[in-house]
Amino acid sequence: MKQTIFTIVSPIRSGWQGEVQAMLAALDYRGTLPAADVFGFGEAEMLHFASLFLYDDPEDGWFLVFENNIDGEIEAYLDRLLEIAQEKDGGRFLLRLFGHCQGFFGNDLKELRGQWLAQVHRPAAGFVSAVGLTRQRIFQDAAVYRVADAALGSGAPKLSDEEAQAAVFNALDADPETRDVWSSLPDRGEGPGLIERARAYLSIALNGLGFIFLALINLIPERIARQDNERPDPSMVDWQKQYEDHLPTNHMTSVVHLHWDAARHAAKLCAFGLLRGRVTLKHTDGKLGPIETIHFAHWSMLNQGRRLLFVSNYGGSWDSYLDDFTLKASKGLTLAWAHGIGFPKSWFMVYGGAAKGPEFIDWARRSMVPSLVWYKAYPGLSAKNINRNRRLREALVDAKAGRGDTAWLGEV
């Protein structure tokens, strides 16, 4: 099943942002579920990650953003959330929260569903690590690793490769969590199909031509744009850090103001077309190039293209994450964020920019918005864990069917 990334962006009625912020800040979603799961995230079987946060736009006012990373279709997921809300409290919490937003008066959940669907934003470009893995499959793969590790871990007798394989098969068949599913789960697929690949190549070709033309046109405006060298406000950084490092996985939200003339806006659209095509063709193995720590990451154009939202769920600390980006993926980041107001000096939307480590990191920190609510369905698993577990289960299935050898022992 394909994962879907989307955000619901709701303008808040003037003067009510404090009430919305207070409602969210009073909750205790820091990756794991609080005692009172008022959103029902734990019961939403399709959900991988979710977050809610506010941002203040100097031209358009305050917005409430609801980010979701799910299995399957948006409508089915929203229906499930609203069904859970109805069961919990008749939907009162959601109706009150979104009742502070423009165009909705908190009347009923059916009206809220329509409001949500009208405010859905799909990403301009995004990355998914566990391609083709549902939330349930991730849990099942983790159970397979747990059982195999217990069978062969510390304290287990020394076995030959063949004996070790037999011991793991027996343990998987005996464990109630794995015995009925471990060898029969469907294959996740081998990446994009022929039609999807053809579309990706066409996107790269067409957007590449447009990008070269527009990047040349924009070269002088790009070079003379003012770079913002201010350090982040220490009090703002302290506030942001209250919502970081509660788990080995973290969450980043950034809202950037873009230069909004037609030529630079068109160049951004072409740049994201290139990024979409590259991710489809090149990044289906659980890694974004050499970076193995990202679960989901995506950019979305908001406010008629004047703002750029970036949301990422990643492993490790924020500092190590940004270091990875600047050292290993600076050209891709510059392509995505070039023409952001105050962005470190770049040229041709590829060079400089994010490669200027300290300047880029300060700029990124200034753009961040704390996520007041953040949920992860599998808080104990990193992106590397998930991909290791997948490889192990697939290798075990092949070995069981006589298609593989005992090389999988290296995963345990």
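Quantities reported herein were computed from a predicted structural model and do not represent experimental measurements.
Counting non-hydrogen atoms of neighbouring residues, nucleotides and ligands closer than 6.0 angstrom, the CZ atom of R278 reaches no more than 12 such neighbours. At most 12 heavy atoms of other shown residues, nucleotides or ligands fall within 6.0 angstrom of atom NZ in K331. More than 12 heavy atoms of other shown residues, nucleotides or ligands fall within 6.0 angstrom of atom CZ in R13. More than 12 heavy-atom neighbours from other residues, nucleotides or ligands sit within 6.0 angstrom of CH2 on W347. In this structure, E73 places its CD atom where only 12 or fewer heavy-atom neighbours from other residues, nucleotides or ligands lie under 6.0 Å away. Within 6.0 Å of atom CZ in R231, 12 or fewer heavy atoms from other residues, nucleotides or ligands are found, so the atom counts as exposed in its surroundings.
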### Query
Do W318 and I361 pass the side chain to side chain contact (heavy atoms under 4.5 Å, CB included) test, and can you show the C-alpha distance, the side-chain angles, and the key distance before you say yes or no?
CA-CA 10 Å; W318 185 83; I361 289 171; 3.6 Å; yes

### Query
Is there a side chain to side chain contact (heavy atoms under 4.5 Å, CB included) between R393 and V397 once you walk through the steps?
CA-CA 6 Å; R393 197 201 65 83; V397 170; 3.2 Å; yes

### Message
With salt bridge (Lys or Arg N to Asp or Glu O under 4.0 Å) as the criterion, how do K400 and D173 come out once you've worked through the C-alpha distance, each side chain's angles and the decisive distance to 0.1 Å?
### Response
CA-CA 12 Å; K400 179 91 170 175; D173 289 335; 3.7 Å; yes

### Query
Between E19 and R96, does a salt bridge (Lys or Arg N to Asp or Glu O under 4.0 Å) hold up when you go through it step by step?
CA-CA 10 Å; E19 176 69 16; R96 181 184 166 207; 2.6 Å; yes

### Task
Show your reasoning for whether side chain to side chain contact (heavy atoms under 4.5 Å, CB included) applies to L396 and F169.
CA-CA 8 Å; L396 284 168; F169 287 166; 3.8 Å; yes

### Task
Start with the C-alpha gap between M236 and M368, add the side-chain angles, then the distance that decides, and say whether side chain to side chain contact (heavy atoms under 4.5 Å, CB included) holds.
CA-CA 9 Å; M236 178 60 71; M368 285 178 62; over 6 Å; no

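The shortest side-chain heavy-atom distance between R307 and H257 falls under the 4.5 Å cut-off. With contacts defined as side-chain heavy-atom distances shorter than 4.5 Å, the pair V412/V168 does not qualify. Proximity of V255 to L302: side-chain heavy atoms (C-beta onward) are nowhere separated by under 4.5 Å. Proximity of W182 to D141: side-chain heavy atoms (C-beta onward) are nowhere separated by under 4.5 Å. At a threshold of 4.5 Å between non-hydrogen side-chain atoms, the residues L274 and M349 do not count as touching. Between L64 and L24 the shortest side-chain heavy-atom distance falls below 4.5 Å. When side chains are defined from C-beta on, I341 does not count as touching V256, because their heavy atoms never get closer than 4.5 Å. With contacts defined as side-chain heavy-atom distances shorter than 4.5 Å, the pair R264/L258 does not qualify.
Heavy-atom minimum distance, A395 versus W408: CB-CB, 3.5 Å. Annotation for I386 and H295: closest pair CD1-CE1, 3.7 Å, computed over non-hydrogen atoms. For the pair L308 and A336, the tightest heavy-atom approach, listed with the atom from each and the gap, is CD2-O, 3.5 Å. Across every non-hydrogen atom of S254 and W337, the tightest pair is OG-CZ2, 4.3 Å. When every heavy atom of F63 is checked against every heavy atom of I12, the shortest pair comes out as C-CD1, 3.8 Å. Shown here for R276 and A124, the closest heavy-atom pair between the two residues is NH1-O, 2.6 Å.
For the ring pair (Phe, Tyr, Trp, His ring centres under 6.0 Å) with Y375, the qualifying choice from F39, Y29, F41 is F41, the only one to do so. Here the options are L52, V38, L97, V373, the test is side chain to side chain contact (heavy atoms under 4.5 Å, CB included), and the partner is M23; only L97 passes. Of the residues listed (D71, N69, T134), the one engaging H48 in a side chain to side chain donor-acceptor pair (under 3.5 Å) is D71, and it is the only one.
Between the side chain of T293 and the main chain of Y314, no donor-acceptor pair closer than 3.5 Å is present. Here the side chain of N385 pairs a donor or acceptor atom with the backbone of S382 at under 3.5 angstrom. Side chain of D362 to main chain of P232: no donor-acceptor pair is present (N/O by atom type, distance under 3.5 Å, no hydrogens or angles). Formation of a donor-acceptor pair under 3.5 Å by the N303 side chain with backbone atoms of R306 is not found in this model. A donor-acceptor contact shorter than 3.5 Å is absent between the side chain of D180 and the backbone of P176. A donor-acceptor contact shorter than 3.5 Å links the side chain of E222 to the backbone of F348. Of the possible polar contacts, none joining the K282 side chain to the G277 backbone as a donor-acceptor pair under 3.5 Å is found. With hydrogens and angles ignored, the 3.5 Å screen pairs no side-chain donor or acceptor of R390 with any backbone N or O of G286. With hydrogens and angles ignored, the 3.5 Å screen pairs no side-chain donor or acceptor of Q3 with any backbone N or O of G72.
Here the CG atom belonging to L381 is positioned 11.0 Å from the OH atom belonging to Y145, to the nearest 0.5 angstrom. Separating the OG1 atom in T32 from the CH2 atom in W374 is a distance of 9.0 Å, to the nearest 0.5 Å. Distance check, rounded to the nearest 0.5 Å: CG of D28 to NE2 of H246 gives 8.5 Å. Atom OG1 of residue T326 and atom NZ of residue K356 lie 13.5 Å apart, to the nearest 0.5 angstrom. A distance of 8.0 Å separates CZ in R365 from CG in L322, rounded to the nearest 0.5 Å. Distance check: K384 NZ to K287 NZ gives 9.5 Å after rounding to the nearest 0.5 Å.
The existence of a salt bridge linking R80 and E83 is confirmed by a sub-4.0 Å separation between a basic side-chain nitrogen and an acidic carboxylate oxygen.
Note that R30 lies in the cation-pi zone of Y243, set by a 6.0 Å cut-off to the ring centre and a 45° limit from the axis. Cation-pi contact between R137 and Y378: absent, since separation from the ring centre below 6.0 Å together with deviation from the ring axis within 45° is not met.
Side chains of K376 and T249: a donor on one and an acceptor on the other come within 3.5 Å. With hydrogens and angles left out, the side-chain atoms of D323 and S320 include no donor and acceptor closer than 3.5 Å. Side-chain atoms of D233 and S235 form a donor-acceptor pair, as typed in the model, at a separation below 3.5 Å. Between T253 and Y55, the side chains place no donor N or O within less than 3.5 Å of an acceptor N or O (distance only, hydrogens not considered). Checking Q165 against T406 by side-chain atom types alone, no donor-acceptor pair falls below 3.5 Å. One side chain, N68 or Y77, offers a donor N or O that lies under 3.5 Å from an acceptor on the other. In this structure, a donor-acceptor pair under 3.5 Å is present between the side chains of S51 and H251.
A centroid separation of 6.0 Å or more is found between the aromatic rings of F98 and F104.
Ring geometry for F272 versus W299: interplanar angle of 30 to 60°, hence tilted.
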